[in-house]
Amino acid sequence: MSQDHAARLQAIARRAMVQYGLEPEWPPQAIAELERLRQPGVTGLRDLRELPWSSIDNDESRDLDQLEVCVENGGRPRLLVAIADVDALVPPESAIDRHARANTTSVYTPARIFAMLPPRLSTDLTSLNEGQDRAAVVVDMAIGEDGVVTASEIYRGLVRNHAKLTYDGVGAWLGNGGPRPSKVGGVPGLEAQIALQDRLAGLLRARRQMDGALDFDRTELKPVLTGGEVSELRAERPNRARDLIESVMVAANGASARFLAERQVPSVRRVVRSPDRWPRIVELAGRHGVALPAAPDARALEAFLRGRRSASPAEFGDLSLSVVKLLGRGEYVAEGPGDGASGHFALAVSNYTHSTAPNRRYPDLITQRLLKAAIEGRASPYSLAELTPLAAHCTRQEDAANKVERLVKKAAAALWMSGRVGDAFDGVVTGASAKGTWVRLNAPPVEGKLEQGAEGLDVGDRVSVRLVSTDPERGFIDFARVG
C-alpha cells in the first residue's frame with residue numbers, strides 16, 4: 001500500500017463534501033474576520049475557576065466543548081457542566097457564522113477533519129483548553145439518589161480546565177482496573193471528583209434505563225492511517241468514561257430544554273419520533289422468544305435488548321445494529337412556547353435539545369444564543385418562523401455529513417480490503433430496500449452492498465458472503481451471497 005493513500009482519501013473526502021452540498025473550505029471573508037478576533041472580556045461572569053474542572057474526550061480531540069465538576073451540597077451533590085461560549089466570538093450573520101450555518105456540523109473523516117469553525121477558534125479561542133481561563137455557559141443540576149434531576153439553573157461563568165483527560169485513559173482506570181491517569185493524581189481532589197461524577201452518571205443512566213432508554217452496542221469502525229497507509233480497521237467500543245460523559249450530556253441537554261420551555265422561549269429539539277419499522281423489530285424479538293407489543297414501546301424494547309445482551313453478548317452487536325437501523329434517524333424540529341414536548345424515543349426523554357457541543361454543531365450554537373438571551377432577560381434572537389427552516393436545514397446537512405463520513409470510511413476500508421477479493425465472510429443484513437441490500441461483516445466490521453443473492457433478505461438476517469470487488473474512489477465494497 002503506497003503512502004499516497006492519505007492524499008487519495010483527502011481528495012475523495014473533499015469531492016464528497018461538494019457532492020453532498022457541504023463547503024469544504026472557509027471563504028476569504030471568514031478568514032479575514034478570523035484575523036481580527038481577540039479573546040472577549042470576562043467581566044460580570046461568576047468566577048468558578050477554583051473548582052476542579054476537567055474534560056474527558058478522545059485522545060486526538062482539540063476542540064473541547066465541555067468541562068464537568070461536582071460540588072458537594074449538604075449531602076445532595078450538584079453536577080455542573082461548563083459549555084464553551086462560542087457565541088461570544090461568533091455572532092449571528094458574521095462571515096464565520098454564515099459558513100458554520102451552511103455546513104451546520106464538523107465532518108470527521110479518517111483523512112481530514114472539515115471543522116465547522118476555523119481551528120484558531122474551535123481548538124484555541126473557543127476551546128476549553130487545559131490551563132486556560134474561558135467564558136462558559138454553565139448548566140448546574142442537583143441530582144437525587146433516584147437519578148432524577150431535582151433542580152437546575154443555567155448561568156454564565158468563568159472556568160478553568162485543570163486536567164485534559166481521555167476516554168481511553170479514564171475508561172481503563174474506572175472500568176478495568178487500569179492505572180490511574182497521571183493527570184488525575186496531579187490535581188488535588190480530582191480522583192474523588194471523577195469517582196463522584198462516575199457515581200452520579202451511573203444514577204442518571206439507571207434512571208433513563210428505567211424509563212426505557214435503549215442500550216445499544218455503540219462499537220464504531222475507525223480506519224487508522226500510519227505513514228500515509230490504511231494500517232488498521234480499529235473497532236472503537238464504549239467504555240465507562242464514554243458512558244459517564246454521555247449520561248452527563250443527556251442530563252445537561254434536558255436541563256437546557258426545560259430552561260427554555262419554562263421561559264416561553266422557542267427552541268430547536270432533537271427527536272426520534274417513533275420507530276420507522278416497529279413490526280420488523282417485533283419480528284426480530286419473536287425469533288428470540290420475546291413478544292413485543294404491537295405499538296412502539298421503549299420500555300419493552302429496552303427490556304428485550306438488556307436480556308439479549310446478558311444472554312448472548314457475542315451476538316448482541318449484530319442485534320443492536322439491526323434495531324438501530326430499524327428505528328430510523330433523528331431529526332431537528334423547531335418547537336414554540338407551549339407546544340407539546342417532542343420525545344426522543346431512544347433516550348427516553350421528553351425534553352431534549354442539543355446544547356453541549358457549540359464548537360462542532362450549529363444547533364448547539366443556536367441553543368446557546370437562546371440560553372444566553374434568556375439568562376440576560378433579552379428578547380429571543382430567533383423567532384419560531386426562523387427556527388423552523390433552520391431546524392430542517394440542520395437535519396439535511398447532518399444527513400449529508402453522515403454520508404461523507406460513511407463514504408470516506410468505506411473508501412479507507414476498500415483500500416484495506418482490496419487484497420481479500422474472493423474471501424468469504426459471515427455478516428448481518430443492515431439495510432434492505434428498493435435501493436439495495438447491505439451487509440456488515442462480523443470481522444472485520446466492514447459494511448458493503450450485496451450485489452448477488454439479496455432476494456428474501458431483511459434487516460437482521462445472518463448471511464455468508466464473498467467479497468467480489470472494491471472501488472475506493474466511490475467507497476464501494478461489493479459482496480455476493482454464499483450458498
Side-chain angles (χ1 to χ4, degrees), residues 214-221 233 235 237 272 274-298 300-330 345-346 402-403 406-407 409-410 413-414 417 420-471 475-483:
L214 304 181
D215 183 18
F216 297 118
D217 181 335
R218 287 159 289 149
T219 300
E220 293 186 3
L221 181 68
L233 298 180
R237 293 180 170 84
V272 175
S274 187
D276 283 349
R277 296 191 58 196
W278 180 257
R280 176 60 177 171
I281 295 174
V282 172
E283 182 182 340
L284 287 179
R287 294 183 182 181
H288 298 281
V290 176
L292 292 178
D297 186 319
L301 181 55
E302 163 57 19
F304 163 63
L305 291 172
R306 190 168 58 247
R308 293 312 304 165
R309 180 190 284 275
S310 175
S312 184
E315 298 179 355
F316 182 71
D318 289 346
L319 174 65
S320 175
L321 179 64
S322 299
V323 173
V324 167
K325 297 285 187 177
L326 292 166
L327 283 177
R329 63 180 177 83
F345 185 88
N402 287 336
K403 289 176 181 176
R406 284 197 300 269
L407 174 63
K409 281 185 179 181
K410 285 186 174 182
M417 294 280 288
R420 303 194 64 178
V421 171
D423 289 359
F425 305 88
D426 292 326
V428 62
V429 177
T430 56
S433 69
K435 295 180 180 179
T437 299
W438 280 262
V439 173
R440 190 200 68 173
L441 307 182
N442 296 340
V446 169
E447 189 173 59
K449 189 175 184 182
L450 187 59
E451 290 287 1
Q452 302 171 34
E455 296 80 8
L457 294 175
D458 203 346
V459 175
D461 289 335
R462 296 184 180 280
V463 64
S464 295
V465 298
R466 184 180 70 258
L467 178 63
V468 294
S469 66
T470 64
D471 184 346
F476 285 3
I477 298 174
D478 294 338
F479 299 116
R481 189 174 180 179
V482 175

note = One should read off an interatomic distance between L457 CG and W438 CH2, to the nearest 0.5 angstrom, of 13.0 Å
inquiry  = Determine whether K449 and I477 satisfy the following criterion, side chain to side chain contact (heavy atoms under 4.5 Å, CB included), listing intermediate values before the conclusion.
reply    = CA-CA 6 Å; K449 189 175 184 182; I477 298 174; over 6 Å; no
key: Atom of M417, atom of L441 and distance for their closest heavy-atom approach   = CE-CD1, 3.9 Å
Salt-bridge contact D458-R287 (side-chain N to carboxylate O under 4.0 Å) = no
request  = Using the side chain to side chain contact (heavy atoms under 4.5 Å, CB included) rule, take V429 and T437 through it: C-alpha gap first, then chi angles, then the decisive distance, then the call.
outcome  = CA-CA 7 Å; V429 177; T437 299; 3.9 Å; yes
query = Could you state the interatomic distance from CZ (R280) to NZ (K325), rounded to the nearest 0.5 Å?
reply = 14.5 Å
key: Lys/Arg-Asp/Glu bridge criterion (N-O < 4.0 Å) met for K410, D471   = no
task = Kindly compute the distance separating CG (D461) from OG1 (T430), expressed to the nearest 0.5 Å.
result = 11.5 Å
note = All heavy atoms of V428 vs all of S322, minimum pair found to be CG2-OG, 3.9 Å
ask   = Under a 4.5 Å cut-off applied to non-hydrogen side-chain atoms, are L467 and F425 in contact?
value = yes
ask   = Does the distance from a Lys or Arg side-chain N to an Asp or Glu carboxylate O, for R440 and D426, drop under 4.0 Å?
value = no
request  = Any chance you could lay out the side chain to side chain contact (heavy atoms under 4.5 Å, CB included) test for L305 and F316, step after step, and finish with the verdict?
outcome  = CA-CA 8 Å; L305 291 172; F316 182 71; 4.1 Å; yes
message = For P293 versus A300, what's the shortest heavy-atom pair and its separation?
response = CD-CB, 3.7 Å
remark   = So CZ of R466 and CG of D478: to nearest 0.5 Å the spacing works out to 12.0 Å
task = Start with the C-alpha distance between L292 and W278, add both sets of side-chain angles, then the distance that settles side chain to side chain contact (heavy atoms under 4.5 Å, CB included), and finish with yes or no.
result = CA-CA 10 Å; L292 292 178; W278 180 257; 4.2 Å; yes
inquiry  = A side-chain contact here means heavy atoms from C-beta on lying under 4.5 Å apart; do F476 and T470 qualify?
reply    = no
task = Work out which heavy atom in A480 is nearest to a heavy atom in V468; give both atom names and the distance.
result = CB-CG1, 3.7 Å
inquiry  = I need the minimum non-hydrogen distance between R481 and E455, along with the two atoms involved.
reply    = NH1-O, 3.5 Å
task = Output the distance between atom CZ (R309) and atom OG (S320), rounded to the nearest 0.5 Å.
result = 7.0 Å
key: Shortest non-hydrogen separation from F479 to V439 and the atoms involved   = CE1-O, 4.0 Å
